[in-house]
Amino acid sequence: MKVGIIGSGGREHALCHSLRKSDKIDEIFCFPGNAGTSDIAKNIDINLENFDKFKDFIKDQKIDLIIVGPEKPLVEGIVDFLKKSKIKVFGPNKIASQLEGSKIFTKQICKKFNIPTAKFGIFKNKEEANEFLGKTNFPIVIKADNLASGKGVYICNDFEQSKIAVEEIFNGKFGKAENLLIEEFLDGEEMSFFTIHDGKSFKIFGTAQDHKRALEGDKGKNTGGMGAYSPSRLINDDLENKIIKKIIEPTLKGLKELGTKYTGFLYTGLMIVKNEPYLIEYNVRMGDPECQTILPKLKTDLCEIFLACCNGRLTDINLEWSNKKSLCIVVCSNGYPEKYKKNIEIKNLNKIKFDHPNLLFHAGTKFENNKIQAVGGRVLNFVYMSDDFGYARKKIIESISKLNWSGGFFRKDIGYKVID
Ligand code: AMP
Ligand code: GLY
C-alpha cells in the first residue's frame, strides 16, 4: 500500500517511523516532511492550500490512505474534500474540527451538556471586555478564538496585563478577531488525554504531560511544547472513567446532535483539580511532542489501526502497548517562540547512535546540499524509553551534549514532576 502523511513536524516524523514498521506499507509520502522523514519516505513539497492539485497528485500516484497530522488542513475541511473524491483519509471532518478551530464552539457544547470546564464569557469588543475586567478577580485567562498554535492564550495577573491581551487579540495578532473568551483560571495540573475514533466507537490512545513554557521551571512564553513524558503521573482508573463519562461521551453526543461524528485522533487537554477533570481545550489531532512519546510504545500495527478507523471497525482491533515510560526533549532554535534564525547547519547528528529505545524525530529541519539545516522553531525531538523517567532524561541529555549545537536550546527539567 501507499500512504501519505500531511505535515512537517516531530509528530509527523514519529507517525512515519511507526508506519514504516507495517508490512502492509510499500511506500510513504510526506507532504512536505522534514530531513528526518526524507530518510524513510518521499518528501513532496506541494501547496496544500490547493486541494484540487493535491487530490490530483494522490490519484496520479495511487496513494491508498492519507493521514492528516496538523489541525490547519482539518479545520479547512481537507477530509470532507478528499472523501468526496473517494480518497481514504484519517482525520475528523470540518464540522467536528471546530472542536479545535473555535474555542467558542466547544464551550457551547460544554454548556449544553454540562461538561466540566472553566467558567467563561464571550466578548465582542474591547470596551465590553475591559468593563468586565475592571470588576473581576485575577488571575484570569484571555483567549483568542482562532487557531493560534498554542500562543493565543494569556494568563493575566492584573488589569494592566489583561488590557494588553484584549488589545493584541482585537488588533489581529492571531488573525481577524470577532470575539474573545475570558475564562476562570483553573489551578491544577495539566494532562493530555488521547483517544482514537472510527465514527462509531473509540479507544484510549495514551496520556502524556506536555511542558508548554519556553524556559525551565515553567517560565517564559507559551510554546507549542518543549518536551513531554508519557504516561501522565495523574492517570488512574477513576479519573479515566470521569474523563470519558463527563467529557468525551457528552462531546460525541453534541457532535451527533449537529449531525456529524468523529473519526481521527482526539486530544483532550485537561486541568486536573483534586482528581476531577476540567476540559481546557480540544485538539483534533495528536499532540506534538506528546505523539513522539506515545507512538514508540505502540506494539500494534499503526496502519491496521488507521484502516480500521476509516472502515468503522476499530472494535476489531486490540491496541497493545509497551509499559515502558517514555520522555521527549525538544531542541529549539535560539529565540523560539519569538524570532529565530533559519538555515543554520546542524553538524554532529551523525556522532549520535539512534536505535530503539533511543530515538530521534526531526521537526523543523531540511536536508539540502548534503547538510541538515534548522529551518523551524522546534527542530529536533530526542526520545528515550525506559523503566525510569530519570534514566530516560539522563540518556537524552547525554545525546544532546554530543550534538553540541550552538544554534539551539532545550529544557533540562522536562519531567521534573516525576523525577526527583
Ligand atoms: P490552550 O491553548 O487553551 O491549551 O491554552 C494554553 C495553555 O494555557 C494551557 O495548556 C494551560 O497551561 C493554560 N490555560 C488555558 N486555559 C486555562 C485555564 N482556564 N486555567 C488555567 N490555565 C489555563
Ligand atoms: N503539545 C501541544 C499541542 O500539540 O497542541
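Order of listing sets the numbers, starting from 1, for every ligand and every atom in it. No experiment lies behind these values; they were computed from the predicted model shown.
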**Item:** Atoms of ligand 1 close to I155 [distance to a heavy atom under 4.0 angstrom, numbered from 1]
**Value:** 13 (C), 14 (N), 22 (N), 23 (C)
**Complete:** Checking heavy-atom distances from atom 3 (C) of ligand 2 to each of R285, E71, E100, K212, the winner is R285
**Item:** Ligand-residue contact atoms, ligand 1 with F185, heavy atoms, under 4.0 Å
**Value:** 20 (N), 21 (C)
**Message:** Using a 4.0 Å cut-off to any heavy atom of V141, which atoms of ligand 1 qualify?
**Reply:** 16 (N), 17 (C), 18 (C), 19 (N), 20 (N)
**Asked** Any chance the side chains of T37 and N43 put a donor and an acceptor closer than 3.5 Å?
**Response** yes
**Request:** Answer yes or no: does an N/O atom from G224 fall short of 3.5 Å to an N/O atom of ligand 2?
**Result:** yes
**Message:** Centre-to-centre under 6.0 Å for F265 and F194, is that the case here?
**Reply:** no
**Asked** Does one side chain, of S22 or D301, offer a donor that lies under 3.5 Å from an acceptor on the other?
**Response** yes
**Message:** Under a 4.0 angstrom heavy-atom cut-off, which atoms of ligand 1 come close to K212?
**Reply:** 10 (O)
**Request:** Walk me through it: do F57 and F31 pass the test ring-ring contact (aromatic ring centres under 6.0 Å, His included)?
**Result:** CA-CA 11 Å; F57 183 89; F31 305 100; 5.7 Å; yes
**Proximal candidate to atom 9 (C) of ligand 1 [heavy atom criterion; set R213, K103, E190, M271]** = E190
**Asked** What atoms of ligand 2 come closer than 4.0 angstrom to any heavy atom of D210?
**Response** 1 (N), 2 (C)
**Request:** State if P289 counts as touching ligand 2 under the rule of any non-hydrogen atom under 4.0 Å.
**Result:** yes
